[in-house]
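See below for the structure under consideration.
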Amino acid sequence: MHDIKAIRDDAAAFVRGLQRRGMGDAQQLADNLLKKDKALRDLLVRLQCEQARRNDASKLIGQAKAKKDEAGAAALMAEVAGLKESIQQGEAEQRELEKTLRDALAVIPNIPAADVPDGADESANAPVVSRAFGKPPGINAPKQHFEIGEALGQMDFERAAKVSGARFVYLKNDLAKLERALGAFMLDTHTGTFDYTEMSPPVLVRDKAMFGTGQLPKFEEDLFQTVRAATLGDIADRYAEAYRSRKWGLQPNEIDDLIAQGVASDEINRRSKDLYLQQTTVDLPELISGDPERFWLIPTAEVSLTNYVADEILGEAELPLRFTAFTPCFRAEAGAAGRDTRGMIRMHQFSKVELVSITTPDQSNAEHERMTDAAQEILKKLDLTHRVVTLCTGDMGFGAQKTYDIEVWLPGQNAYREISSCSNCGGFQARRMNTRYRNAEGKVKGPVHTLNGSGLAVGRTLVAILENYQQPDGSVAIPDVLQSYMGGKTKIGL
RNA sequence: GGACAGGUGGCCGAGUGGUUGAAGGCGCACGCCUGGAAAGUGUGUAACGGUGAAAGCCGUUCGAGGGUUCGAAUCCCUCUCUGUCCGCCA
């Protein structure tokens with residue numbers, strides 16, 4: 001979320017930043033925002049004058065009544081009555097303008113940092129040569145991870161499809177254990193040598209949290225949503241009530257008949273919805289969205305860890321805060337139809353160790369490098385070949401001002417694939433979450449800076465181990481640093 | 001899920017319609033006292049927004065949103081979160 005005051009102060013910088021992101025209509029957008037901002041401030045000047053007069057007059061009424069000056073009090077009351085209507089109308093206008101402005105700001109992405117390379121897509125990403133590690137190993141006729149895993153009998157996509165559909169997997173035996181070992185190894189490294197605090201956070205969150213880190217309102221299609229089953233029945237009841245009161249759709253006796261027939265509430269809901277949608281613009285998602293029982297499944301623990309400090313004013317002395325967590329993540333992958341359909345690269349559910357840092361603005365760049373070091377340290381200890389790129393302006397995520405992607409070498413794919421993404425979001429998320437900090441003198445200084453990174457994507461790390469540590473006989477060697485987490489085993493084999 | 005009780009400043013806590021943005025305490029900051037410190041003592045100590053060169057002035061905010069009223073922390077409605085007990089349960 002951008003600060004409208006910053007846009008007011010330097011609209012040119014705002015426009016330039018968005019244009020670097022490829023937004024051709026940035027100037028028009030800025031003009032529109034500033035027009036609304038001006039309208040709001042003009043309104044406030046008028047409204048506040050009237051409010052001040054009302055407050056004064058009300059005090060005078062109290063004094064007049066105390067002095068038994070009924071005539072004076074009556075005159076003042078008449079004046080305030082006139083103001084009242086104008087004030088109420090002004091307040092409604094204010095709410096409307098503020099909402100419009102906020103809605104418009106909520107869907108604008110962050111401005112890229114100055115040292116981010118310009119470009120439209122990943123072809124313009126810039127290698128960070130100094131961070132590259134290792135060389136692709138020479139493996140004769142390398143297999144892909146799913147070939148290895150299925151041959152071991154420890155990776156089962158077919159049964160997962162039976163239970164959950166596409167983009168799910170069962171891991172068994174040593175591969176299941178390997179996932180747990182990786183999570184533990186990563187957490188131990190981050191807490192032990194990088195001073196991160198281990199967390200076990202919620203994986204179901206409210207709208208507000210998803211707004212805070214920027215997944216909502218713009219990227220709803222990437223997410224899974226849950227509603228308590230009983231709530232669906234309540235929603236059906238609400239539909240039914242709507243028909244009763246508006247006399248269209250199912251009639252009360254029809255609904256009662258359906259209930260008497262034992263028709264499930266969601267069936268009533270479905271039938272009602274069809275009728276309902278023919279007659280009104282209100283939609284089912286809209287009804288659900290108004291329901292307090294709705295949750296979202298986190299697409300990354302960034303959401304739970306970053307929003308931990310939402311609506312707080314932190315002391316500068318307690319910063320930086322560093323959190324890490326090993327959680328499942330859930331992504332709809334709606335825009336990825338046909339991509340990475342085989343194997344574990346792109347799943348609806350995967351596990352990941354996440355890193356989140358909360359810092360002051362002057363520390364965030366250094367923290368970004370440090371976080372990337374922490375993520376890379378895992379790959380180095382696993383002796384996995386990888387490289388680092390700075391994402392170009394066109395490839396960065398919505399909330400980021402600068403992002404490093406870490407790409408691990410996958411022999412089976414003969415390619416580098418993303419295994420971590422470390423972003424500095426500056427104050428962008430902090431403004432959405434309303435998280436600020438206070439300096440040593442106790443003065444509130446403004447939004448904190450937030451950073452997040454994968455340290456690492458555990459599923460993809462498991463893939464990388466299978467492909468890089470595969471042996472000619474079909475077994476997989478276990479990296480040295482993981483052996484103690486695997487009961488001393490040195491390989492996974494038949 | 002049921003029944004109660006609550007949500008007030010960095011923290012605790014008073015406050016049931018009128019000069020209360022909010023008593024009192026703790027904490028914190030500065031001063032006095034002291035050889036130095038503790039204790040004691042005095043003063044100060046919210047956020048956001050508008051306006052202004054600034055000092056300042058004004059507005060909003062007592063969980064959130066509506067409402068009643070000339071005037072709401074205080075009354076009404078809806079929602080939300082927390083606590084306690086009961087029920088259920090990993």
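Keep in mind the model is a prediction, meaning the values are calculated, not measured. Chain letters run A, B, ... following the sequence lines, proteins first and then strands; every chain starts at 1.
- When all heavy atoms of A:His145 and A:Gly343 are compared, the closest pair comes out as NE2-CA, 3.4 Å.
- Ion pairing between A:Asp42 and A:Lys38 holds under the 4.0 Å rule for side-chain N and carboxylate O.
- Of the P atoms belonging to B:rG2 and B:rC79, the separation is 12 Å, rounded to the nearest Å.
- Within 4.0 Å of A:Ala52, counting heavy atoms only, lie sugar-phosphate atoms of the nucleic acid but no base atom.
- A gap of 9 Å separates the C1' atoms of B:rG9 and B:rA47, to the nearest Å.
- Going from the P atom of B:rA72 to that of B:rU61 covers 9 Å, rounded to whole Å.
- Between A:Phe330 and A:His348, the ring center distance fails the sub-6.0 Å criterion.
- Spacing of C1' atoms, B:rC75 relative to B:rG56, comes out at 37 Å, to the nearest Å.
- For the pair A:Arg41 and B:rU51, the criterion of a side-chain N or O lying under 4.0 Å from OP1 or OP2 is met.
- RNA chain B lies under 4.0 Å from at least one heavy atom of each of the following residues of residues 74-86 of chain A: A:Met77, A:Val80, A:Lys84.
- The gap from the P atom of B:rU16 to that of B:rG6 amounts to 13 Å, rounded to the nearest Å.
- When the side-chain nitrogen and oxygen atoms of A:Arg436 are compared with OP1 and OP2 of B:rC48, one or more of them lie within a distance under 4.0 Å.
- Residue A:Arg95 is in sugar-phosphate contact alone, with no base atom involved, counting any heavy-atom pair closer than 4.0 Å across all strands shown.
- Proximity of A:Asn55 to the phosphate of B:rU60: a side-chain N or O atom is located under 4.0 Å from OP1 or OP2.
- Put simply, CZ on A:Arg53 is 16 Å from P on B:rC70, counting in whole angstrom units.
- Remark: RNA chain B forms stems of 3 or more consecutive Watson-Crick or G-U wobble pairs, all pair distances under 3.5 Å, at B:1-7 with B:80-86, B:10-12 with B:24-26, B:27-32 with B:40-45, B:46-51 with B:56-61, B:63-67 with B:75-79.
- Here, B:rG31 and B:rG52 have their C1' atoms 33 Å apart, quoted to the whole Å.
- Taking 4.5 Å as the limit, every side-chain heavy atom of A:Phe398 sits out of range of all side-chain heavy atoms of A:Asn110.
- Close to B:rA64, at under 4.0 Å from its OP1 or OP2, lies no side-chain N or O of A:Lys208.
- The side chain of A:Arg8 places an N or O atom within less than 4.0 Å of a non-bridging phosphate oxygen (OP1 or OP2) of B:rG50.
- B:rG44 and B:rA23 have their P atoms separated by 12 Å, given to the nearest Å.
- Applying the side-chain hydrogen bond (donor to acceptor under 3.5 Å, both in side chains) test between A:Ser364 and each of A:Lys402, A:Gln401, A:His449 identifies A:His449 as the sole match.
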